[in-house]
Amino acid sequence: MKKVLITGFEPFGGASINPALEAVKQLANAKLDGGEIVTCEVPVTRYEALDAIITAIEVHQPDYVITVGQAAGRASITPERVAINVDDFRIPDNGGNQPIDEPVIVDGPDAYFTTLPIKAITRTLQEKGIPCQVSNTAGTFVCNHVFYGIQHYLRDKKVGHGFVHIPLLPEQDTSGNQPTMSLEVIVEGLRLVAQATLDNESDVAITAGQIC
Ligand code: PCA
């Protein structure tokens, strides 16, 4: 029986809701084929976010960690390919921190690649009718901070990790100007991300490349 830790961020930037937190509330203790999901809530605060996730890893001893955050403007569930060693915050985080061009980890490598099978995940969700595509940037705010910091923490451990961005919920943009996804679809999408992770020890060689 494998264990998958899925983490969700609290609201930030003056918002009262974060779809990542709403989704992980529904995924707590969900069963997978060959595994189960455990969850934790994460503050949108530099370094405190890493502490919360590392504590949850130590408590739950998961086989895989899937960190999740919202990405306004995205229309699909987007597994991230790469984390970079930069904190460049356009807005202050929930602790009032606003670093500019500082490293996440001093003297860390420039970048880490995800260790989740993101191509297999993308194919699985698409086959189930859920919009999904690989993203090549997790930004430079707390989501990238967490993606990079947890990859660094797990670099010598046999625990897979990757970051997944999700769209806004419909109630977060009642003007209708931004793409949104229902909570029901997001929850099922993240459950499938976890299942595809268990089902694919190595990734599949299909393109998810982009041409600018
Ligand atoms: N999204 C932000 C931080 C928390 C969240 O849910 C980001 O993309 O960095």
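Not measured: the values here are computed from a predicted model. Computed from heavy atoms alone, side chains included, the values below leave out hydrogens, waters and symmetry copies. Throughout, residue positions are numbered sequentially from 1 according to the sequence presented. Read the numbers this way: they start at 1 and go in the same order the structure lists the ligands and their atoms.
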* Asked: Looking at His165, which atoms of ligand 1 are within less than 4.0 Å of one of its heavy atoms?
  -> 7 (C), 8 (O)
* Asked: Is the closest basic N to carboxylate O distance between Glu58 and Lys157 below 4.0 Å?
  -> no
* Would you indicate whether Asp110, at its atom CG, is surrounded by more than 12 heavy atoms from other residues, nucleotides or ligands within a distance under 6.0 Å? => no
* In terms of the angle between their ring planes, are Tyr112 and Tyr148 parallel, tilted or perpendicular, with boundaries placed at 30° and 60°? -> tilted
* Which of the numbered atoms in ligand 1 are below 4.0 angstrom from a heavy atom of Asn18? -> 5 (C), 6 (O)
* To do: Distance to 0.1 Å, residue and atom name: give those for the protein heavy atom nearest to atom 7 (C) of ligand 1.
  => Cys143 SG, 2.7 Å
* To do: Name the orientation class of the two ring planes belonging to Phe12 and Phe141 (parallel below 30°, tilted from 30 to 60°, perpendicular beyond 60°).
  => tilted
